[in-house]
Amino acid sequence: MSVAAPVRQASPAVAQTRPEPSSPGRRRSLGTWWVYVALSIGLVFLVGPFLWMVASSVKTSAELHHVPPTWIPQTFTLDNYATIFTKLSFPQYFINSVIVATVVVASNLLFCSMIGYALAKLRFRGKSAVFLIVLATIMVPQTVYLVPLFVLMSNLGFVNSYPGLILPFAAQAFGVFLMRQFIQGIPDELLEAARMDGAGEFTIFRRVVLPLLGAPLATLGILIFLGSWNNFLWPLIIATSDQMYTLPVAVATFSIGQNAVDYGLLMAGSVVLIAPVLLVFLLLQRFVQQGIATTGLKG
Amino acid sequence: MSAQQALVAAGSRARPAPRRGALREALTGWAFSAPFLVIFLGFLALPILASFLLSFTNFSLGNLVDPFSARFIGLNNYAKLLHDPKFLQAALNTTIFVVFGTILNLAVGLAAAVALNRGITRFRAVFRVGYYLPVVSSIVAIAVIWRFLFNADFGVVNGVLSMVGIKGPDWLGNPTLAVGIIVALMVWRNFGNAMIIFLAGLQGIPNDLYEAARIDGANRWQEFRSITLPMLRPTMLFLTVLTTIGFLQVFEEPFVMTQGGPLNKTLPISMYVYQQGFNFFHQGYASAMAYTLFVVIAAITLIQFRLLRSET
């Protein structure tokens, strides 16, 4: 994607957490207090709903419907969590989400780096055609292929199954770009040296290429994980029974079903849905934002 | 391509013929590509092509067992689209979401990026991470939270309004307000992404330009108008493409908050495709609708990339 070039070159600077010493802003630090105020107000509006979600999830039903609302829970209760984990099948939904995300991440890491290596370092007929086909699909909206994909899945007997949830996301085009991009940066001399020593291509890939791909694989893994964990439309279609629901499908279905106004349960469910992702993001945010700046795509 | 990559690329072209046969290298290349390609072609490329064919058939629930029993009906599905008031409403709704959403998303993202880049010197990481939280969070969960916040009877927004003596409206029950809230949610969730990409673009602008402007006595607004904005044009076009494509597919926000109502005023095309394809089982018709959306997206992408290329 040549369009991303200006973005890509600047990406290392994005990951930087300390202020740039040469920043001209430093010399103008006086008079910027109002920028801090504006940014802080923005932060309240962005983080506020998350805090409200957490606070509401530990309130009693009576307090949730209290007018005016209480900011801090008056009576702390974990009943909502107890209900979704014992009376509703949230353990099952959670496990489904974990299984799908794990397999999707693993297969993308392996398959995207393999084809990325072939496209970056091996010469073979049809290579540019392969790359073009992958490139051509990257902007195709999901809506376009949902219907035939469902027809295909129902003929393969994969409706309401893990293969049905996993296969459409097991080989994602943007992973190929990311991997190809990074593998191109590996000097040919390294690979030639290994070839001289008589190593086969699979050994070279496993022993030389993969160990050099730590950071890009982490970035790809996190972006794929975020996409899989938050994925909604396809699981909504392919998971036809409660047993195969992933967390987003479960929360959405409850929010428009019989529990539509039981916001205590819905907020607890939302916490369960959001918490793992926030954890991953806060621990590894450097990789995430670097990945965004590199690929221009969100997870 | 960086200088280093260019050197590497030049080096590989000058490389002598590989020791092992070309055939062997070709086989290895295909072997490495095969696992990805099998899944990718089977579950992505094939459905994309099949969707095109489906859109010319009367495929419906009965054809699910034997897909080839569907009848070819030419352009009937496409003709029907033009006379389907619900589709036209959905197209209008989607346009409103995309136009307002994209403009606001870029404006807010740019403002945040400029403020973070040059407006402040401390706590940058705090703001950057905080503003980015919604981007990584499940849109379903966020839409549920927002629906709760804007609940007419016990939502916190109307709760605050009632404290100052205002009786808040039924936000999601009023078509105009509901559209506004969905656009606001789309921007709230996505501008952090625009911000990160703008930040990368901003850091690519040479500092000398600002130094020179300052020597010429330019104020901050003039700097922004004459340096920052022109230098960000490629980034801006790139983001416009990304945001437009993303917002054309908006689904979760209305699905959770309004289910397309009131009066279909928040029904986007993707949700109508979903209804036709999976609630009414008119798969042929749904495919025609999806392909129409695809053609629009492809056209917008091409136009914007053409603009981009003439820029750079």
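Residue numbers begin at 1 in each chain, while the letters A, B, ... track the order of the sequences.
Listed options Ile237(A), Val251(A), Val271(A) were ranked by heavy-atom pairs under 4.5 angstrom with chain B; first place goes to Ile237(A). Of the listed residues (Asn108(A), Val144(A), Val277(A), Ile133(A)), the one with the most heavy-atom contacts under 4.5 Å to chain B is Val144(A). In terms of heavy-atom pairs under 4.5 Å with chain A, the best-connected choice from Asn63(B), Val144(B), Leu49(B) is Val144(B). The candidate from Ala141(B), Ala290(B), Gly192(B) with the greatest count of non-hydrogen atom pairs under 4.5 Å with chain A is Ala141(B). In terms of heavy-atom pairs under 4.5 angstrom with chain A, the leader among Gly42(B), Ser51(B), Ala111(B), Gly159(B) is Ser51(B). Of the residues considered (Ala118(A), Ser154(A), Pro148(A)), Pro148(A) shows the highest number of contacts with chain B, using heavy-atom pairs under 4.5 Å. With chain A as partner, the option from Ser162(B), Ser287(B), Ala286(B), Pro67(B) having the largest number of non-hydrogen pairs under 4.5 angstrom is Pro67(B). Among Leu44(B), Leu293(B), Leu248(B), Leu239(B), the residue making the largest number of heavy-atom pairs under 4.5 Å with chain A is Leu44(B). Between chain A and the residues Phe59(B), Trp30(B), Phe123(B), the most heavy-atom pairs under 4.5 angstrom are made by Trp30(B). The choice from Val151(A), Leu119(A), Leu247(A) that makes the most heavy-atom pairs within less than 4.5 Å of chain B is Val151(A). Per-residue counts of heavy-atom pairs under 4.5 Å with chain B were compared for Met53(A), Arg125(A), Met267(A); the largest is that of Met267(A). Note on Val134(A), Asn231(A), Leu110(A): by heavy-atom pairs under 4.5 Å with chain B, the leading option is Val134(A).
Under a 4.0 Å N-O distance rule, the pair Glu223(B)/Arg220(B) does not qualify as a salt bridge.
Classification of the Phe205(A)-Phe32(B) ring pair by plane angle, with boundaries at 30° and 60°, yields perpendicular.
Taking the side chain as every heavy atom from C-beta outward, Met257(B) and Glu252(B) never approach each other to under 4.5 Å. Annotation: side chain of Lys121(A) is not in contact with side chain of Ile204(A) (no heavy-atom distance under 4.5 Å). Side-chain contact between Arg128(B) and Met195(B) is present, with at least one heavy-atom pair separated by less than 4.5 Å. Inter-residue side-chain proximity for Tyr272(B) and Gln276(B) is flagged as met; some heavy-atom pair is nearer than 4.5 Å. Side-chain contact between Phe182(A) and Ser113(A): absent, with no pair of heavy atoms (C-beta onward) separated by less than 4.5 Å.
Both the backbone and the side chain of Leu43(A) come within less than 4.5 Å of a heavy atom in chain B. Contact annotation for Phe278(B): only side-chain heavy atoms (C-beta onward) come within less than 4.5 Å of a heavy atom of chain A. For Ala173(A), the parts lying near chain B are the backbone and the side chain together; criterion is any non-hydrogen pair under 4.5 Å. Interface residue Val140(A): backbone and side-chain heavy atoms are both found under 4.5 Å from chain B. Contacts of Ser107(A) with chain B are absent, with no heavy-atom separation under 4.5 Å from either backbone or side chain. Neither the backbone nor the side chain of Phe52(B) comes within contact range of chain A; no heavy atoms are under 4.5 Å apart. Only the side chain of Leu149(B) comes within less than 4.5 Å of a heavy atom of chain A; its backbone N, CA, C and O stay farther away. Heavy-atom distances place the side chain of Ile297(B), and not its backbone, under 4.5 Å from chain A. Only the side chain of Leu156(A) comes within less than 4.5 Å of a heavy atom in chain B; its backbone stays farther off. With a threshold of 4.5 angstrom between heavy atoms, Ile245(B) approaches chain A through side-chain atoms but not through N, CA, C or O. The part of Val273(B) that comes within reach of chain A is its side chain, from C-beta onward, which places non-hydrogen atoms under 4.5 angstrom from that chain. Interface remark: Gln283(B) contributes backbone and side-chain atoms alike to the contact with chain A (heavy atom separation under 4.5 Å). Contact annotation for Phe251(B): only side-chain heavy atoms (C-beta onward) come within less than 4.5 Å of a heavy atom of chain A. The part of Trp71(A) that comes within reach of chain B is its side chain, from C-beta onward, which places non-hydrogen atoms under 4.5 angstrom from that chain. Within the 4.5 angstrom heavy-atom criterion, no atom of Phe169(A) approaches chain B. If you measure heavy-atom distances from Gln172(A) to chain B, the contacts under 4.5 Å come from the backbone alone. Heavy-atom distances place both the backbone and the side chain of Ile48(B) under 4.5 Å from chain A. Of the atoms belonging to Leu278(A), it is side-chain heavy atoms, and not backbone ones, that fall under 4.5 Å from chain B. Heavy atoms of Phe281(B) lying under 4.5 Å from chain A are absent altogether.
Remark: side-chain polar atoms of Gln249(B) are not paired, donor with acceptor, to backbone N or O of Thr143(A) under 3.5 angstrom. The backbone N or O of Val256(B) lies less than 3.5 Å from a partner atom in the side chain of Arg147(B), making a donor-acceptor pair. Formation of a donor-acceptor pair under 3.5 Å by the Trp52(A) side chain with backbone atoms of Trp146(B) is not found in this model.
Contact record, Leu233(A) with Tyr274(B): CD1-CD1, 4.1 Å, taken as the closest heavy-atom pair. The minimum heavy-atom distance between Leu167(A) and Ile39(B), with the atom names listed, is O-CG2, 3.5 Å. Listed here is the closest heavy atom pair of Asn230(A) and Arg189(B): ND2-NH2, 4.4 Å. Ser138(B) and Leu273(A) make their closest contact through OG-CD2, 3.3 Å (heavy atoms, listed as atom of the first residue, atom of the second, distance). Listed here is the closest heavy atom pair of Gly130(B) and Leu46(A): O-CB, 4.3 Å.
Of the listed residues (Phe191(B), Phe198(B), Trp188(B)), just one forms a ring-ring contact (aromatic ring centres under 6.0 Å, His included) with Tyr131(B), and that residue is Phe191(B).
The ring of Phe232(A) has its center closer than 6.0 angstrom to the ring center of Phe255(B).
If you check the side chains of Glu63(A) and Thr70(A), you find a donor sitting under 3.5 Å from an acceptor.
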